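These notes concern the structure reproduced below.
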There are 2 protein chains.
Amino acid sequence: MAFEEEKKFFESYIREKNLKWSEQRMQILEIFLRNKKHLTADELYRMVKEKFPSVGYSTIYRTLKLLCDCGICSELRLDDGTIRFEHLYRHKHHDHLICLKCGRMVEVVDPEIEKLQERLAKKEGFILERHILLMYGLCPKCQSK
Amino acid sequence: MAFEEEKKFFESYIREKNLKWSEQRMQILEIFLRNKKHLTADELYRMVKEKFPSVGYSTIYRTLKLLCDCGICSELRLDDGTIRFEHLYRHKHHDHLICLKCGRMVEVVDPEIEKLQERLAKKEGFILERHILLMYGLCPKCQSK
DNA sequence: TCCATATTGATATTGAATTTCATTTTCATG
DNA sequence: CATGAAAATGAAATTCAATATCAATATGGA
Ligand SMILES: [Mn+2]
Ligand SMILES: [Mn+2]
Ligand SMILES: [Zn+2]
Ligand SMILES: [Zn+2]
């Protein structure tokens with residue numbers, strides 16, 4: 001099976017916290033990793049359910065929480081309130097371009113923007129910890145329709 | 001009473017849409033405007049309730065929706081999912097610095113950041129429509145504690 | 001193997017937001 | 001002014017994602 005590294009990482013986190021390994025947790029992790037980023041909890045639930053029909057909704061949420069806690073995944077709250085989960089393990093910080101028509105999400109980083117944010121914060125006396133930048137518009141494909 | 005201009009503006013919007021003027025709507029608008037920005041629906045509800053004890057929760061939500069539709073107020077969805085409403089009438093676009101400790105929100109704009117966002121979007125072929133930038137950190141006061 | 005403890009999944013519960021609906025209010029018309 | 005059609009209101013019911021509860025099950029150290 002794939003994603004041995006992430007699975008080992010998750011397992012050590014689990015051991016460290018005196019939690020227990022479980023088939024469900026590993027299945028959820030694998031399916032989360034196998035699929036492209038930015039799934040909702042419900043989308044993930046349906047995918048896991050296909051291979052593992054007995055899985056409960058709560059287990060999805062509980063496992064996602066663990067995955068967020070250990071840094072494998074991270075929650076992204078969009079403009080409309082929906083929460084999507086994205087890969088964080090060995091992924092650097094990035095912002096998002098989101099198509100208003102088809103929902104496509106492009107991951108981007110602009111070091112200059114990041115730097116200017118720091119400058120802006122400093123001007124107001126803030127010490128920045130993190131930020132969220134969501135840019136909404138039309139992707140190339142959706143512009144021609 | 002204050003905010004005559006905004007009230008007139010709201011009233012014309014209401015007439016235009018063949019809706020009806022009501023005491024509640026005007027009270028809600030006035031209290032929304034009177035208070036500093038970034039209230040939650042519930043905070044606004046409580047404030048309106050003080051002067052107008054019979055008001056219902058739904059009327060708050062319904063009026064906030066109208067105020068958003070006509071451009072007097074706008075919804076700001078924060079990182080933790082809470083929705084706050086802010087003044088939009090004669091207020092320009094701005095982003096937010098938010099203190100993680102005390103919740104203080106500072107409104108900021110950096111034209112360079114805005115420009116770089118456009119550049120970044122163009123690089124990916126996107127046509128930008130809007131964006132949300134939330135910067136979280138510690139405000140000056142909260143740094144010394 | 002034993003067994004304390006964590007995990008699971010069905011179900012119930014939460015809380016913000018919305019919908020429903022009987023009653024009240026608005027306002028164009030006469 | 002009245003009148004009445006249509007909109008607005010507030011209480012209550014409903015929605016929906018997320019969380020909590022809890023009896024049954026699985027895990028893993030001794
Ligand atoms: Mn992403
Ligand atoms: Mn603001
Ligand atoms: Zn698109
Ligand atoms: Zn502060």
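Heavy-atom basis, side chains included; hydrogens, waters and symmetry copies ignored. From a predicted model like this one, the values you see are computed outputs, not experimental measurements. Naming: A, B, ... by sequence-line order, numbering from 1 per chain.
- As a whole-Å value, the separation of B:Arg15 CZ from D:dA7 P is 14 Å.
- Here D:dA8 presents its P atom at 15 Å from CG of B:Leu64, a figure rounded to the nearest Å.
- Rounded to whole angstrom, the span from the CZ atom of A:Phe85 across to the C1' atom of D:dA17 amounts to 11 Å.
- Under the ring pair (Phe, Tyr, Trp, His ring centres under 6.0 Å) criterion, the residue pairs touching residues 111-145 of chain A are A:His93-A:His131, with sequence neighbours excluded.
- Partners of A:Lys49 according to the side-chain contact (heavy atoms from CB on, under 4.5 Å) rule, which considers only residues two or more places apart in sequence or in another chain, are A:Tyr45, A:Val55.
- The only member of B:His91, B:His96, B:Lys37 that meets side chain to side chain donor-acceptor pair (under 3.5 Å) when paired with B:Glu86 is B:His96.
- When the P atom of D:dG28 is taken as reference, atom CD of A:Glu16 falls 16 Å away, rounded to whole Å.
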Using a 4.0 Å cut-off on protein heavy atoms (strictly under), produce a 5'-to-3' string for nucleotides 7-14 of chain C with B for base contact, S for backbone-only sugar-phosphate contact, and - for none. SBBBB---
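- Computed from coordinates, the B:Leu78 CG to C:dA16 C1' distance equals 15 Å when rounded to whole Å.
- Both B:Glu11 and B:Ile83 sit near DNA chain C, but only B:Ile83 has its closest nucleotide nearer the 5' end.
- The separation between B:Met26 atom CE and C:dT25 atom C1' is 14 Å, rounded to whole Å.
- Clustering ILVMFWY residues whenever any of their side-chain heavy atoms sit less than 4.5 angstrom apart, transitively, puts A:Phe85 in the very cluster that holds A:Val48.
- Taking the six-membered ring for Trp and the full ring otherwise, the centers of B:Tyr13 and B:Phe9 sit at least 6.0 Å from each other.
- As a whole-Å value, the separation of B:Tyr61 OH from C:dT20 P is 18 Å.
- Partner of B:Glu11 under the salt bridge (charged side-chain N to carboxylate O under 4.0 Å, His left out) criterion, out of B:Lys7, B:Lys8, B:Arg15: B:Arg15 alone.
- Rounded to an integer number of Å, the gap from OH of B:Tyr13 to P of D:dA7 is 15 Å.
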